[in-house]
Student: 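Attaching a single structure in structure tokens format; questions to follow.
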Amino acid sequence: MKVPVSWLQRYVEVPPVDALLSRLTEIGHMVDGPLESTEKGPVVSLEIRQNRPDCLSILGIAREVAAAFGSTVRDVRTAQLPDEVRHSEPVAGEDPVYFLRIKGARLDGLPASMLGDLGRYGQRSLSPLVDLANYVMIELGQPLHVYAAEHINVASAGSRSARSGESLRLIDGRTVELSEDDLIIADRHAPLAVAGAMGGSASAVGPDQRDIIVEAGHFRSRLVRRTARRHGLATEASLRKYQAAPARAPADCAEPLPRAASRAWPRRGMRCVAKWPGA
Amino acid sequence: MEDGIAALTRELSALTTPARVRERRRALLALVRQRFQTLGQLAPEERRTAGGELNALKAEVERLATERLRALEATGVQADDAFEPDLPTTPARVGRVHPTIAVLRRVNAFFGSLGFDVADGPEIETDWYNFSALNLPADHPAREMHDTIYVMEPDVLLRTHTSPVEIHAMEERTLPLRVVVPGKAYRNEDTNATNNSMFYHYEGLAVGDDIQLGHLRWTLNAFLDYMFGPQTQRRFRAKYYPQVEPGLGVDLLCRFCSGAGCSVCKVKGWIEIVGAGMVHPNVLSAAGIDWTRYSGFAFGMGLDRLVMGATGIADIRELYGPRMSYVPEV
Ligand SMILES: [Zn+2]
């Protein structure tokens, strides 16, 4: 995984890069690529082994650095969440999923500092909301998916096994034929996304989307792995999911996005509105 | 030149075996043919003269050769038993030990000197021996590291490492136990210069009373001294493998860049040689060993990488392809 030191520094005091790399290698995160230098500082490349999916994030690496060098991880909750934000109860079942509604998202691009971190990590910029979801995923390790609010019926939405005969057109343009072995996110109308891997094109957010639903799920890793493998969906999100990145507390799950959003667009009047099934 | 041919033609009558006569006739007729091809460059008058001479020469060669062959036949010289010690022979290729086997024997000799026995086992394995018994239950994310070739899904497969033989060894032998396991392993990988779907794996295992990480470290250090020389810099670092806890990666300083980073070491400065660690309690239990009483260490390496280092062969496909050029001519 690529770790821009500038991003890591948000969470932990970073020692000189030579000391950082030799110590991380010693404790099991081997340097596995060249050290890149950028004007915002170096970008290091680490091999994260399968027993440490919790390290597939900037925060995860920051914890390792803090533990290895005897420092502490900073609390970076810079923005207060608006009072209206409530996360939903998880949708029951073995693969719980959380939804959060955000109204009035303002869609300028992310600030240059956040876009710069994304670029140095190796994630290209797609659209403001997707960039924001990617930013949260890379920083905290929790994959999020963003839906256009008018194309998902949250009250009936949840995770379930697909039924044979169902199919889903994905955001990359491909249509996959689903089977009972596939875990999907769906509402009462139709499949919406392949859980933990890729969203469908019908509910994708467009450039002018202002009312969105954020989804965060805790899926059984073997289901995500099998589904992702069967349909060739090896994405950043599925990598984290099928390596069983640790479950986060519900409050940590979907809230980072509005929090990051208020960091990205501090003076915009964005309202986050809780919406949960049955409401 | 003409004199040379004439002399060679006259000598026909003095050759001592039918084979030599036939050989000389063949050479002379080839020369005559060559001459005929140059006639076109001559003026018509000269061409006629030269052509006549060549025809006469050809007739003379045939006549002398036939005469000599009859004479030799009459004196009873048989073509077959003509021993001709000065004729060149066709080059012979002599089979040798394959470079992989040569290195394998060297490594076996070292571990043999430490009391390790060589263990062998099947290349077609069950899921239990190849994965589950090695602390890799179904759906363990570390199975992603092994792209498996199945003989019969989901239970029968080509072994992806020689570690299953260690489980067999623990089941079949008595403690204390020291074995090395060289052998072929298979993975469903795209073939390129560094990966092949078939490769040689080399594993080692020691189980007994009070076996500690220090024993492993000493053993691997002694092995690296033996293979690469005591001056070769190496490092031991923590590395996860499901079969062991704690796990180690052992690297050698890249000899091409001395640690600065180059294409051979993929800019790491170090080249990984061995993966190792203390045998995981789950693995000991799976093999029926009481892990509260016994402990053990295990290590594994890709033998091909050692072979490529020792022979300078840079492409693993060359090692297992039909390349006669690696068989020396003698
Ligand atoms: Zn090198």
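Since we're looking at a predicted model, the values are computed, not measured. Below, chain A is the first sequence line, B the second, and so on; all start at residue 1.
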Student: Please tell me if the side chains of Arg49(A) and Tyr241(B) come closer than 4.5 Å, counting only heavy atoms from C-beta onward.
Tutor: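 Yes, their side chains come closer than 4.5 Å.
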Student: Applying a criterion of heavy atom separation less than 4.5 Å, what residues of residues 13-27 of chain A form contacts with chain B?
Tutor: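 When heavy atoms of chain B are the reference, residues 13-27 of chain A contributes Thr25(A), Glu26(A), Ile27(A) within the under-4.5 Å range.
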Student: May I ask you to test the Lys268(B)-Asp32(A) pair for a side-chain heavy-atom distance under 4.5 Å?
Tutor: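 Touching, per the 4.5 Å side-chain cut-off.
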Student: Would the number of heavy atoms belonging to other residues, nucleotides or ligands and lying under 6.0 Å from CZ of Arg120(A) be above 12?
Tutor: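 More than 12 heavy atoms, drawn from other residues, nucleotides or ligands, come within 6.0 Å of this atom.
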Student: Using ring-ring contact (aromatic ring centres under 6.0 Å, His included) as the criterion, list what pairs up with His145(A), not counting sequence neighbours.
Tutor: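 So His145(A) forms a ring-ring contact (aromatic ring centres under 6.0 Å, His included) with Tyr147(A).
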Student: With a strict 4.5 Å heavy-atom criterion, list every residue of residues 217-239 of chain B that contacts chain A, or say none.
Tutor: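 Listed by number: Arg235(B), Arg237(B), Ala238(B), Lys239(B).
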Student: Just so I know, are the side chains of Arg52(A) and Tyr240(B) near enough to count as touching, which here means a heavy-atom distance under 4.5 Å?
Tutor: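 Result no, sub-4.5 Å side-chain heavy-atom pair not found.
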Student: Among residues 171-180 of chain A, which residues come closer than 4.5 Å to chain B, judged by heavy atom distances?
Tutor: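 Contacts with chain B: none.
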